[in-house]
**Q** 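After the structure tokens below, expect a handful of questions from me.
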Amino acid sequence: MESFALHSLSSSAFPLSSRASLFRRSRPLVKSPPSIHSFSSLPTLRSPSLLPSKPFISLSHSPKPRKTHFPIQASQSALPQTTLAPPPAQPLQGAKPIPFIISIAIGIVVRFFVPKPVQVTPQAWQLLAIFLSTIAGLVLSPLPVGAWAFLGLTTSVVTGTLSFPTAFSAFTNEVIWLIVISFFFARGFVKTGLGDRIATYFVKWLGKSTLGLSYGLTISEALIAPAMPSTTARAGGVFLPIIKSLSLSGGSKPGDPSKRKLGSYLIMSQFQSAGNSSALFLTAAAQNLLCLKLAEELGVIVSSPWVSWFKAASLPAFVCLLATPLVLYKLFPPETKDTPDAPAMATKKLENMGPVTKNEFIMVCTMLLAVSLWVFGDALGLASVVTAMIGLSVLLLLGVLDWDDCLSEKSAWDTLAWFSVLVGMAGQLTNLGIVNWMSSSVAKTLQSYSLSWPAAFGVLQAAYFFIHYLFASQTGHVGALYSAFLAMNLAAGVPGVLAALALAYNTNLFGALTHYSSGQAAVYYGAGYVDLPDVFKVGFIMALVNAVIWAIVGSFWWKFLGLY
């Protein structure tokens with residue numbers, strides 16, 4: 001510490017010409033206490049850690065030590081006293097008490113106080129209680145989503161409701177791993193700058209307003225949907241990277257208050273529009289083909305399926321696609337609305353970015369390969385998740401991504417955890433008969449009221465739609481309930497083709513109800529731009545908006561087409 005003071009003294013308080021003479025003097029250079037003003041260039045010496053614990057230093061080389069030394073002391077007028085602020089209060093650790101109590105209470109009430117139906121086994125009823133408690137916790141957030149889902153999974157195993165292999169069976173689900181890999185694709189878009197380049201072109205063409213950007217993205221997805229039959233792949237591989245780049249370039253960051261500037265609105269708008277894009281074309285989603293296959297098994301044959309599907313869906317789906325960005329612009333508005341200078345700035349930015357780089361070119365080729373395999377995968381015998389694995393392997397082999405990039409993508413691994421838990425529980429609810437009991441109860445209720453077929457049609461469609469709150473998979477919902485609800489429609493006198501198509505369209509529309517209702521829901525929620533309560537609130541309101549549009553516009557359109 002003395003050498004530090006000597007060095008500072010010699011370098012700042014004295015000119016270079018006097019440094020040599022400083023050490024040739026036999027007498028002390030200073031006989032009286034030095035003034036603090038001579039050392040104004042040493043403000044750090046006021047810190048207690050830098051003040052010497054013994055008398056400061058003597059500049060004399062005399063063999064006889066001096067009895068008196070003079071430390072540097074600051075007067076109160078020169079260095080005012082610093083008031084130490086009290087330490088901040090420690091944040092609450094662990095679960096939030098009130099949300100935790102409410103979430104647990106819901107499960108306890110269902111398990112011990114609601115009478116169990118005779119048709120339901122104790123195991124199924126106990127799993128339903130755990131599932132409802134888990135869903136309540138995901139909404140109220142006593143813990144982060146992944147942590148709370150893991151607690152629900154642990155409870156199901158500890159109570160003996162599910163065995164360990166059964167509880168973890170969904171962790172090998174192909175759709176879930178497709179979601180995880182789509183996060184890595186999104187990182188590749190961002191890392192290479194390709195996403196930024198594409199986003200800049202969108203800003204150049206449509207960037208005068210946030211609403212214009214939303215319409216551009218919505219129309220783009222509707223155009224590529226028939227050739228890319230996976231809403232999850234479209235969300236994670238194409239549109240999420242573009243939206244993230246747009247948002248970040250506009251100063252809107254995930255997990256930050258700035259997310260409401262741009263990112264939250266664009267994510268929510270694209271999420272809510274995706275269902276209508278999937279409902280527009282038969283080949284826009286895998287569950288569409290499954291619906292028609294199940295309808296055939298009940299004797300409902302749709303002639304010229306691709307054309308018939310598109311004709312019946314076209315008008316209501318187009319109206320919803322045009323209405324969704326505007327409705328959300330009012331319901332869930334962005335803070336940044338007008339960007340009149342954005343196109344000129346985007347043009348300048350594209351000039352500065354220069355030509356496409358090697359890694360950007362590899363990223364483009366990899367995505368073209370993935371999209372081609374997604375389109376022709378069925379003919380080649382390749383599942384969508386296998387195509388995604390091939391694409392990720394190419395990016396790793398060519399160095400566009402490295403394994404550290406994958407490990408640092410926390411959203412992907414968090415999604416793997418909580419989404420697997422919910423998919424596994426929902427699947428076991430079906431296997432244990434809970435879902436069949438619910439559908440049977442609905443059918444008996446309708447029969448007791450002797451409803452006309454239009455009224456029964458509306459009630460059954462609504463029940464099929466909102467029961468999806470219990471499902472974490474669109475294809476799982478179709479497999480469990482589509483045939484049962486179609487049979488109930490037919491029994492109520494609903495025309496077969498109308499009932500089959502309407503249920504299939506609803507299968508796409510309820511994919512935006514919650515953050516776990518579909519693969520694309522997990523992708524968009526995992527981006528960190530939307531809060532969980534907003535997902536549930538906006539999902540419910542937009543479900544009502546879609547229902548009104550499809551009911552009113554669809555009724556006139558389907559009658560015009562002769563479906564009833």
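The structure presented is a predicted model; accordingly, all values stated were derived computationally and were not measured.
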**Q** Asn288 pairs by side-chain hydrogen bond (donor to acceptor under 3.5 Å, both in side chains) with which of Thr283, Thr507, Asn508?
**A** Asn508

**Q** Please confirm whether Arg197 makes a cation-pi placement over Phe189, using NZ or CZ under 6.0 Å from the six-membered ring centre and within 45° of the ring normal.
**A** no

**Q** Quick check: does any side chain N or O of Asn173 sit under 3.5 Å from a backbone N or O of Ile176, one acting as donor and the other as acceptor?
**A** yes

**Q** Is any side-chain heavy atom of Tyr464 less than 4.5 Å from a side-chain heavy atom of Leu460?
**A** no

**Q** Let's go through Trp413 and Phe184 carefully: what are the C-alpha distance in whole Å and the side-chain angles of both, what is the deciding distance for ring-ring contact (aromatic ring centres under 6.0 Å, His included) to 0.1 Å, and is it a yes or a no?
**A** CA-CA 11 Å; Trp413 305 114; Phe184 302 149; 5.7 Å; yes

**Q** When you measure from the side chain of Thr415 to the backbone of Ser411, do you find a donor-acceptor pair of N or O atoms at a distance under 3.5 Å?
**A** yes

**Q** Under 6.0 Å from the ring centre and within 45 degrees of the ring axis: does the NZ or CZ of Lys244 meet both conditions for the six-membered ring of Tyr529?
**A** no

**Q** Would the distance check show the side chain of Thr218 and the main-chain N or O of Tyr215 forming a donor-acceptor pair, the cut-off being under 3.5 Å?
**A**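 The answer is no, because no donor-acceptor pair under 3.5 Å joins these two groups.
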
**Q** Evaluate the ring planes of Trp558 and Trp550, with Trp represented by its six-membered ring, and classify them as parallel (under 30°), tilted (30 to 60°) or perpendicular (over 60°).
**A** tilted

**Q** Tell me whether Trp557 contacts the main-chain N or O of Ser314 through its side chain, where contact means a donor paired with an acceptor under 3.5 Å.
**A** no

**Q** Flag yes if more than 12 heavy atoms outside Lys191 fall under 6.0 Å of its NZ atom; otherwise flag no.
**A** yes

**Q** Could you walk me through whether Arg260 and Glu335 pass the salt bridge (Lys or Arg N to Asp or Glu O under 4.0 Å) check?
**A** CA-CA 6 Å; Arg260 290 303 298 267; Glu335 295 177 359; 5.8 Å; no

**Q** Return yes when atom CG of Leu407 has more than 12 non-hydrogen atoms of other residues, nucleotides or ligands closer than 6.0 Å, and no otherwise.
**A**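 Correct, the count exceeds 12.
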
**Q** Kindly give the heavy-atom pair with the smallest separation between Ala279 and Ala313, and that separation in Å.
**A**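 Shortest heavy-atom separation between Ala279 and Ala313 comes out as O-CB, 3.3 Å.
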
**Q** If the test is ring pair (Phe, Tyr, Trp, His ring centres under 6.0 Å), which one of Tyr469, Phe466, Phe471, Phe465 qualifies with His477?
**A** Phe471

**Q** Checking the side chain of Ser269 only, and the main-chain atoms of Leu266 only, is there a donor and an acceptor separated by less than 3.5 Å?
**A**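 No, Ser269 side chain to Leu266 backbone: no donor-acceptor pair under 3.5 Å.
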
**Q** Are Tyr505 and Trp309 near enough that their ring centres are under 6.0 Å apart?
**A** yes

**Q** Please indicate whether Phe310 has more than 12 foreign heavy atoms, meaning atoms of other residues, nucleotides or ligands, lying under 6.0 Å from its CZ.
**A**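 Buried by this count: over 12 neighbours within 6.0 Å.
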
**Q** Does either side chain, that of Gln270 or that of Ser273, offer a donor lying less than 3.5 Å from an acceptor on the other one?
**A** no

**Q** Take Tyr516 and Val423, measure what side-chain contact (heavy atoms from CB on, under 4.5 Å) needs, and give me the verdict at the end.
**A** CA-CA 8 Å; Tyr516 60 86; Val423 169; over 6 Å; no

**Q** Is a side-chain N or O of Ser169 found less than 3.5 angstrom from the main chain of Thr166, in a donor-acceptor match?
**A**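 Checked: pair present.
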
**Q** Can we say Arg234 and Glu221 salt-bridge, meaning some charged N sits less than 4.0 Å from an Asp/Glu carboxylate O?
**A** yes

**Q** Does any part of the side chain of Phe332, heavy atoms only, come nearer than 4.5 Å to the side chain of Ser264, both counted from C-beta?
**A**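 Result yes, sub-4.5 Å side-chain heavy-atom pair found.
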
**Q** Would you say Gln272's side chain and Ala512's backbone share a donor-acceptor pair under 3.5 angstrom?
**A** yes

**Q** Is there a donor in the side chain of Asn359 and an acceptor in the side chain of Thr357, or the other way round, less than 3.5 Å apart?
**A** no

**Q** Please find out if less than 6.0 Å separates the ring center of Trp306 from that of Phe281.
**A**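 Judged by ring-centre distance (under 6.0 Å), Trp306 and Phe281 do meet the cut-off.
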
**Q** Donor-acceptor check, side chain of Ser252 to backbone of Ser247, threshold 3.5 angstrom: yes or no?
**A**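 Between the backbone of Ser247 and the side chain of Ser252 there is no qualifying donor-acceptor contact (under 3.5 Å).
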
**Q** Is any side-chain heavy atom of Ser141 closer than 4.5 Å to a side-chain heavy atom of Trp148?
**A**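 No, side chains not in contact.
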
**Q** Tell me if the aromatic rings of His515 and Phe536 count as close, with their centers under 6.0 Å from one another.
**A** yes

**Q** Could you go through the side-chain contact (heavy atoms from CB on, under 4.5 Å) check for Asp531 and Val535 one step at a time?
**A** CA-CA 6 Å; Asp531 297 324; Val535 174; over 6 Å; no

**Q** Check the pair Tyr329 / Lys337 against side-chain contact (heavy atoms from CB on, under 4.5 Å), numbers first and verdict last.
**A** CA-CA 9 Å; Tyr329 193 75; Lys337 297 181 179 180; 3.2 Å; yes

**Q** Determine, stepwise, if the pair Phe239 / Ser220 fulfils side-chain contact (heavy atoms from CB on, under 4.5 Å).
**A** CA-CA 9 Å; Phe239 291 99; Ser220 298; 3.9 Å; yes

